[in-house]
Amino acid sequence: MEDNIFLKIIRKEVPKDFIYEDDEILAFYDIHPLAPVHVLIIPKKPIINIATMEDEDAVLVGKMFLIARNIARDLNISEKGYKLLIRVGRDGGQEVPHLHLHLIGGVRLGDNIRPE
Ligand code: AMP
């Protein structure tokens with residue numbers, strides 16, 4: 001697998017404040033936030049995207065959603081709501097080839113988050 005910025009963040013080669021970390025998952029603020037709350041939740045395992053994940057990664061991917069839920073609660077946006085987004089591949093607009101779940105909120109969101 002080719003190197004990318006998220007793999008560097010996982011290896012702690014790039015300084016980054018984590019808002020969540022365990023042995024499998026990391027979460028940090030997006031460097032170009034699209035809303036007042038914009039967090040990325042990523043697995044430490046090198047998975048490119050949902051299209052390439054293995055069936056055995058299902059529990060790990062499910063855990064990413066639970067962590068997003070918990071972060072949303074901690075940031076007090078659960079009640080008003082938020083958007084969870086995973087881009088897949090070129091047509092999905094995925095820029096970083098490492099699986100990541102966007103947690104976006106803190107404002108009323110329309111349909112278009114970074115359209116082409
Ligand atoms: P995507 O377009 O779904 O692949 O999303 C990639 C996201 O990663 C974008 O929202 C970028 O702003 C974000 N991003 C890229 N580099 C960094 C970085 N060093 N730290 C935090 N977020 C980043």
Side-chain angles (χ1 to χ4, degrees):
M1 178 186 286
E2 281 192 27
D3 209 9
N4 63 67
I5 183 65
F6 290 177
L7 291 175
K8 289 183 180 138
I9 289 171
I10 291 163
R11 294 198 303 266
K12 314 268 166 86
E13 291 170 10
V14 175
K16 185 63 64 185
D17 289 332
F18 300 128
I19 61 173
Y20 178 86
E21 179 173 17
D22 65 26
D23 54 344
E24 294 182 307
I25 290 175
L26 277 177
F28 48 88
Y29 285 103
D30 196 291
I31 204 166
H32 296 125
L34 298 170
V37 172
H38 190 169
V39 173
L40 300 172
I41 297 108
I42 70 172
K44 290 185 175 175
K45 180 175 176 182
I47 299 170
I48 294 175
N49 61 34
I50 293 291
T52 68
M53 68 179 267
E54 310 278 353
D55 289 3
E56 67 188 28
D57 297 326
V59 172
L60 176 61
V61 173
K63 188 174 164 189
M64 291 167 62
F65 281 85
L66 291 179
I67 289 164
R69 176 202 64 185
N70 294 345
I71 292 170
R73 281 181 186 159
D74 290 347
L75 297 177
N76 293 313
I77 59 169
S78 280
E79 207 175 307
K80 287 191 171 172
Y82 47 87
K83 183 173 285 198
L84 294 174
L85 174 70
I86 297 181
R87 295 192 169 98
V88 183
R90 187 195 60 188
D91 282 6
Q94 183 179 2
E95 287 177 352
V96 180
H98 181 94
L99 178 64
H100 48 284
L101 174 61
H102 295 257
L103 164 61
I104 303 165
V107 71
R108 189 76 175 261
L109 296 163
D111 285 341
N112 296 323
I113 290 284
R114 208 192 72 204
E116 271 199 314

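Start at 1 and go down the list; that is how both ligands and their atoms are numbered.
The side-chain heavy atoms of Asp22 and Lys63, taken from C-beta on, include a pair separated by under 4.5 Å. For the pair Tyr82/Val37, no side-chain contact is recorded, criterion being any heavy-atom separation below 4.5 Å from C-beta on.
Ligand 1 places these atoms under 4.0 Å from at least one heavy atom of His32: 12 (O). Close approach of ligand 1 to Phe28 is summarised as follows: ligand atoms under 4.0 Å from at least one heavy atom of the residue are 21 (C). The atoms of ligand 1 that sit less than 4.0 Å from any heavy atom of Glu95 are 1 (P), 2 (O), 4 (O). The distance from ligand 1 to the heavy atoms of Tyr29 drops below 4.0 Å at these ligand atoms: 21 (C). Near Val96, meaning under 4.0 Å from one of its heavy atoms, ligand 1 places the atoms 4 (O), 6 (C). For ligand 1, the atoms closer than 4.0 angstrom to any heavy atom of Lys16 are 18 (C), 19 (N), 20 (N), 21 (C).
When each of Arg11, Glu21, Glu24 is checked for a side-chain contact (heavy atoms from CB on, under 4.5 Å) with Lys44, only Glu21 meets the rule. Remark: of the listed residues Ile77, Ile67, Leu40, Ile77 is the sole one forming a side-chain contact (heavy atoms from CB on, under 4.5 Å) with Leu103.
Here the shortest heavy-atom pairing between Gly105 and Ala35 reads O-CB, 3.5 Å.
Nearest-heavy-atom check against atom 11 (C) of ligand 1 across Ile42, Ile9, Asp30 picks out Asp30.
Geometrically, ligand 1 and Gln94 share no nitrogen or oxygen pair separated by less than 3.5 Å. Looking at Leu40 next to ligand 1, no N or O pair under 3.5 Å apart turns up. Between Gly93 and ligand 1, an N or O atom pair is found at a separation short of 3.5 Å. Considering both main-chain and side-chain atoms, Phe6 never comes within under 3.5 Å of ligand 1 through any nitrogen or oxygen pair. Considering backbone and side-chain atoms together, His38 places no N or O closer than 3.5 Å to any N or O of ligand 1.
The aromatic rings of His38 and His102 sit tilted relative to each other, their planes meeting at an angle between 30° and 60°.
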Between Ile41 and Phe65, is the side chain to side chain contact (heavy atoms under 4.5 Å, CB included) condition met? List the steps. CA-CA 8 Å; Ile41 297 108; Phe65 281 85; over 6 Å; no

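Taking a cutoff of 4.0 Å between a charged side-chain nitrogen and a carboxylate oxygen, Lys45 and Glu54 do not qualify as a salt bridge.
The side-chain hydrogen bond (donor to acceptor under 3.5 Å, both in side chains) search around Arg108 returns none, not counting sequence neighbours.
The six-membered or imidazole ring of His100 lies away from that of His98, with a centre-to-centre distance of 6.0 Å or more.
At a 4.0 Å heavy-atom cut-off, ligand 1 touches Arg87 through the side chain alone. Contacts of Val14 with ligand 1, taken as heavy-atom pairs under 4.0 Å, are absent altogether. For Ile5, every heavy-atom contact with ligand 1 shorter than 4.0 Å involves the side chain, none the backbone.
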